[in-house]
Amino acid sequence: MTRRRKIYEGKAKILYEGPEPGTIIQYFKDDATAFNAQKKGTISGKGVINNRISEYVFTRLSHIGIPTHFVRRLNMREQLVKQVEIVPIEVVVRNVAAGSLTKRLGIEEGTPLPHTLLEYCYKDDALGDPLIAEEHIACFGWASQEEMQDISAMAIRINDFMSGMFAAINIRLIDFKLEFGRLFDGDFSRIILADEISPDGCRLWDMDSGEKLDKDRFRRDLGGEVEAYQEVARRLGLLPEEGDSAVLDLGEHRAKKGK
Ligand code: TMP
């Protein structure tokens, strides 16, 4: 394999310098963390599934006019993306109360919200990604008001689209996290969707049984993580009906184990 310069290693992905200026390769790891990396583990084959699911979702979003950093999937674990300057804000979109919202405000998990709630967190691992208000974003200049208008409008459109996309495969989109970046063109920049969209950063419940098909299986020690991620991929039509595990047990993963 050719040697590539590693730019950054995060909790679930590694970023490498891309083949041409302005591009980056995103490598999806099997590593999983929760509660600001206090809990660590691996979900075998997760990286392959998330690479595939994120490719699919970003491609569908681009078809409805959402600008994204996604260029193309390169192989089982890597995708080529446009280099952006990440806006240091995690945008959390909520349709149903779950996770930190239930703890913070004492709302019962599963309570439908009267309207979609947008929350912002400051991206800083050392601080544990604290919840912030739009005033903090303006006050500290993390994003301009125009950028926040683009970000919030895109987040709402993405939620509308994804809620329908998942409902069509009998999955309820409870909440999810988005990250955006600045794409520079000379002195100008525009906001595009970056990072990934996968069961790592979404809460996805089976519409009938309420079964969790996302990273809460890992956070809460429910087991069956990879099966849940595979089920999402399968319902999205990203796996053949037969022999799913053969595809996602992923030669690459087996080869690594054999080393
Ligand atoms: P929360 O309930 O823990 O705040 O999470 C809300 C949603 O955002 C949930 O779908 C998981 C996702 N999320 C991430 O992807 N990364 C994070 O660091 C956090 C805190 C949440």
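None of the values given here were measured: they were computed from a predicted structure. Each ligand, and each atom within it, is numbered from 1 in the order the structure gives.
Taking Y56 as the reference, nothing meets the ring pair (Phe, Tyr, Trp, His ring centres under 6.0 Å) condition, with sequence neighbours excluded. Taking R235 as the reference, D206, E231 meet the side-chain hydrogen bond (donor to acceptor under 3.5 Å, both in side chains) condition, with sequence neighbours excluded.
Under a 4.0 Å criterion applied to the non-hydrogen atoms of G201, ligand 1 contributes the atoms 10 (O), 12 (C), 15 (O). Here is the list of ligand 1 atoms found below 4.0 Å of a heavy atom in G99: 2 (O). Within ligand 1, counting atoms from 1 as listed, the ones closer than 4.0 Å to a heavy atom of V92 are 6 (C). Atoms of ligand 1 lying under 4.0 Å from any heavy atom of R219, numbered from 1 in the order shown and given with element: 11 (C).
Only the backbone of C202 comes within contact range of ligand 1, with a heavy atom under 4.0 Å; no side-chain atom does.
The cationic atom of K13 (NZ for Lys, CZ for Arg) does not lie both less than 6.0 Å from the six-membered ring centre of Y27 and within 45° of the ring axis. The cationic group of R4 lies under 6.0 Å from the six-membered ring centre of Y16 and within 45° of the ring axis, placing it in a cation-pi geometry.
Taking a 4.0 Å cut-off on heavy atoms, R94 registers as neighbouring ligand 1. For the ligand labelled ligand 1, residue E90 lies inside the 4.0 Å heavy-atom shell.
Close N/O approach between R104 and ligand 1 is not found [any backbone or side-chain N/O within under 3.5 Å].
Few gaps surround CG on D208; more than 12 heavy atoms of other groups in view lie less than 6.0 Å from it. Within a 6.0 Å radius of CZ in F35, more than 12 heavy atoms belonging to other residues, nucleotides or ligands are found.
Taking a distance limit of 4.0 Å, we find that atom 11 (C) of ligand 1 is approached by some protein heavy atom. There is a protein heavy atom closer than 4.0 angstrom to atom 17 (C) of ligand 1.
Proximity of a side-chain donor or acceptor of R94 to a complementary backbone N or O of A98 within less than 3.5 Å is detected.
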